[in-house]
Amino acid sequence: MHMNNMLAEAQQQWNNQLLFPYVEQHQDHILSRPFYFGVADAYVESPKRIMIVGQETRDYGSYYDDWPMSDIRQWGVDYLRRQLWGIRCEDFKYNRSGFWKLFRCFAKAGYIPCWNNVDKIHQQKGNASTIRLTDEQKRAFCCTYGTDRKSLLRREIEIAEPHVVLFITGPNYHVSMTESFGLPDGALDAYRPTREHFCMEITEQANLGVPTFWAYHPSYLNRIHRIDDCVRLVIDRTL
């Protein structure tokens, strides 16, 4: 698929310019394998595409595991296909989490999702398999680079051409988001989601060229019974 080939090129450029130099200079940092984003055929063919951007993928293996980029990309696509359409791949089980409930709500409403993450890597220490990146690490991996000064996430959005982008990262991932948008520290502070305003529009601030929203993580939205409201809000503002 041409779109996935373009994503692979952008991700390899990120490897070369940001990831590999960082690992070489910080060999004492224990990191996971990166999450390499890919898209399913159903997304490419859909007239209504939504990119849903999560935090980081939990429980990924070690950075040094033998897991090729192309296989990681396909893993994410296959996992999404299993959760949305019941297409059985490997030994994936049906995931009843609030995270995937939100994806299914959009799919049922006619918006075909793709799954991305704002942080491509997490830390691993001792018995803890998933530890969030430090702010320093977030700035290192989410920063803009190249002659066009764009982050990997912005490049992926331009390639995938979603009609709407929804960040389900909650209020604590503002560093990764501001870096990815090329904004100064604190530029998004006034737009962090709250219990009362659980999904904030940040189209102007993100400047991605499409309607963009920032919501709480679906686990929290599920607990306060606002997943359906979040989906309705996003769709109503993008009709």
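Numbers here are sequence positions counted from 1.
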According to salt bridge (Lys or Arg N to Asp or Glu O under 4.0 Å), who are the partners of [X], at least two apart in sequence or on a separate chain?
{"X": "Asp71", "answer": "none"}
{"X": "Asp189", "answer": "Arg192"}
{"X": "Arg237", "answer": "Glu201"}
{"X": "Arg226", "answer": "Asp229"}

My understanding is that only residues two or more places apart in sequence, or in another chain, count here; which of them pass ring-ring contact (aromatic ring centres under 6.0 Å, His included) with [X]?
{"X": "Phe141", "answer": "Tyr22"}
{"X": "Phe20", "answer": "none"}
{"X": "Phe35", "answer": "Trp115"}

Indicate every side-chain donor-acceptor pair of residues 158-172 with a distance under 3.5 Å to a residue at least two apart or in another chain.
| residue | atom | partner | partner atom | Å |
| --- | --- | --- | --- | --- |
| Glu158 | OE1 | Lys150 | NZ | 3.0 |
| Glu158 | OE2 | Lys150 | NZ | 3.0 |
| His163 | ND1 | Pro47 | O | 3.4 |
| His163 | ND1 | Arg49 | N | 2.9 |
| Thr169 | OG1 | Trp214 | NE1 | 3.1 |

| request: Keeping to residues at least two apart or across chains, list the ring-ring contact (aromatic ring centres under 6.0 Å, His included) pairs with something in residues 188-210. | output: none
| Selection residues 215-239 - residue pairs positive for ring-ring contact (aromatic ring centres under 6.0 Å, His included), sequence neighbours left out | Phe99-His217, Tyr216-Tyr220
| field | Test side-chain contact (heavy atoms from CB on, under 4.5 Å) applied to Asp78 - qualifying residues, sequence neighbours left out | value | Gln74, Arg81, Cys89, Phe92
| query | Can you list the residues that meet the side-chain contact (heavy atoms from CB on, under 4.5 Å) rule with Tyr94, with sequence neighbours excluded? | reply | Arg82, Gln83, Arg96, Arg104
